[in-house]
Amino acid sequence: SLEFLYLGGNFITSIPPELANLPSLSYLVLCDNKIQSIPPQLAQLHSLRSLSLHNNLLTYLPREILNLVHLEELSLRGNPLVVRFVRDLTYNPPSLQELAGRTIKTRNVAYAPSDLPENLVRYLSLASNCPNPKCGGVYFDSCVRQIKFVDFCGKYRLPLMHYLCSPECSSPCSSASQSSTSTSESDSEDEASVAARRMQKVLLG
């Protein structure tokens with residue numbers, strides 16, 4: 001039933017994903033810490049109205065933050081993402097298990113719990129859909145990280161992290177560097193237009 005959680009002014013370096021298990025949380029204050037990334041699980045905090053992340057070490061935000069339908073205030077000032085963006089993101093080839101799992105999911109191969117060991121059934125249930133609308137693929141552990149820039153409030157472009165299933169899902173020039181944002185920007189504007197209108201306050205300065 002926790003509604004307000006204040007963890008500002010500590011030496012926190014990471015946010016545990018289990019924080020998402022607080023369905024009534026409305027105000028989350030994580031300012032003045034050493035946080036470098038936000039777990040995408042925080043998008044499950046559907047009651048969240050205010051998120052204070054200023055004065056941390058953030059260079060990007062998870063794209064799932066757009067799913068916070070009641071978020072009205074997002075404080076990001078004093079983070080590196082205001083002045084510089086992520087570069088040199090790497091991609092690790094998928095394992096044979098992941099390739100098999102992708103094939104089962106994308107081709108809708110029928111299976112029952114009695115057909116596979118329990119750990120493989122659990123693994124197949126963890127498939128994430130690729131956000132690229134032209135792809136329709138899935139991924140498990142191996143994915144391509146890509147920065148897309150979203151316009152909040154008509155003035156600031158925030159870098160949001162996207163996870164794609166393969167390098168083929170992005171254009172050859174969208175490699176998350178600052179010089180290759182034109183395609184990503186136009187894609188993200190459509191995706192985030194509703195969220196941009198909804199969010200009342202984005203504090204960057």
Is the closest side-chain heavy-atom distance between Leu57 and Ile35 below 4.5 Å? no
Using modelled atom types and a 3.5 Å cut-off, is there a donor and acceptor pairing between side-chain atoms of Arg102 and backbone atoms of Cys165? yes
Would you say that Pro113 contacts Glu118 through its side chain, given a criterion of any heavy-atom pair below 4.5 Å between the two side chains? no
Are the side chains of Leu5 and Leu25 in contact, using a 4.5 Å heavy-atom criterion? yes
For residues Asn79 and Asn56, is any side-chain donor paired with an opposing acceptor at under 3.5 Å? no
Looking only at heavy atoms, which two atoms of Tyr60 and Ser37 are closest? And how far apart? OH-CB, 3.8 Å
Would you kindly confirm whether Ile65 and Leu48 end up in one hydrophobic cluster when ILVMFWY residues are joined by side chain heavy atoms under 4.5 Å apart? yes
Heavy-atom pair of closest approach, residues Pro94 and Ser142: N-OG, 3.4 Å
Student check: side-chain heavy atoms of Tyr111 and Ile104 closer than 4.5 Å: yes
Nearest 0.5 Å please: distance from the OG atom of Ser95 over to the CG atom of Asp141. 6.5 Å
Determine whether Phe4 and Val29 make a side-chain contact, defined as any pair of heavy atoms from C-beta on separated by less than 4.5 Å. yes
Hey, could you give me the CG/NE2 distance between Leu76 and His54, rounded to the nearest 0.5 Å? 10.0 Å
Has the side chain of His70 got a donor or acceptor atom that lies under 3.5 Å from a matching backbone atom of His46? yes
Over all heavy atoms of both residues, which pair between Pro40 and Pro62 is shortest? Give the atoms and the distance, please. CA-CB, 4.1 Å
Contact check, side chains of Leu53 and Ser75, non-hydrogen atoms, under 4.5 Å: no
Would a 4.5 Å heavy-atom cut-off, applied to side chains only, mark Ile38 and Glu64 as touching? no
Give me the atom names and distance for the closest heavy-atom approach of Gly101 to Leu124. CA-CD2, 3.7 Å
Let me check something: do Leu19 and Leu61 share a hydrophobic cluster, defined by ILVMFWY side-chain heavy atoms less than 4.5 Å apart, either directly or through other members? yes
Looking at Asn33 and Ile12, would you say the former's side chain and the latter's main chain have a donor-acceptor pair under 3.5 Å? yes
I'd like to know if the side chain of Ser47 pairs up with that of Arg49 as donor and acceptor (distance under 3.5 Å, no hydrogens or angles considered). no
Between SG of Cys31 and CG of Asn10, what distance do you get to the nearest 0.5 Å? 9.5 Å
A side-chain contact here means heavy atoms from C-beta on lying under 4.5 Å apart; do Leu28 and Leu22 qualify? no
Report whether Leu42 and Leu2 are members of the same hydrophobic cluster (ILVMFWY, side-chain heavy atoms less than 4.5 Å apart, transitive linking). yes
For the atom pair OG (Ser52) and OH (Tyr27), what is the distance rounded to the nearest 0.5 Å? 10.5 Å
Cluster link Leu7 to Phe11, ILVMFWY, side chain under 4.5 Å: no
When the ring planes of Tyr123 and Phe140 are compared, do they come out parallel, tilted or perpendicular, using 30° and 60° as the limits? parallel
Please round to the nearest 0.5 Å and tell me the distance separating atom CZ of Arg77 and atom CG of Asn55. 6.5 Å
In this structure, CD1 of Ile15 is separated from CD of Glu18 (nearest 0.5 Å) by 12.0 Å
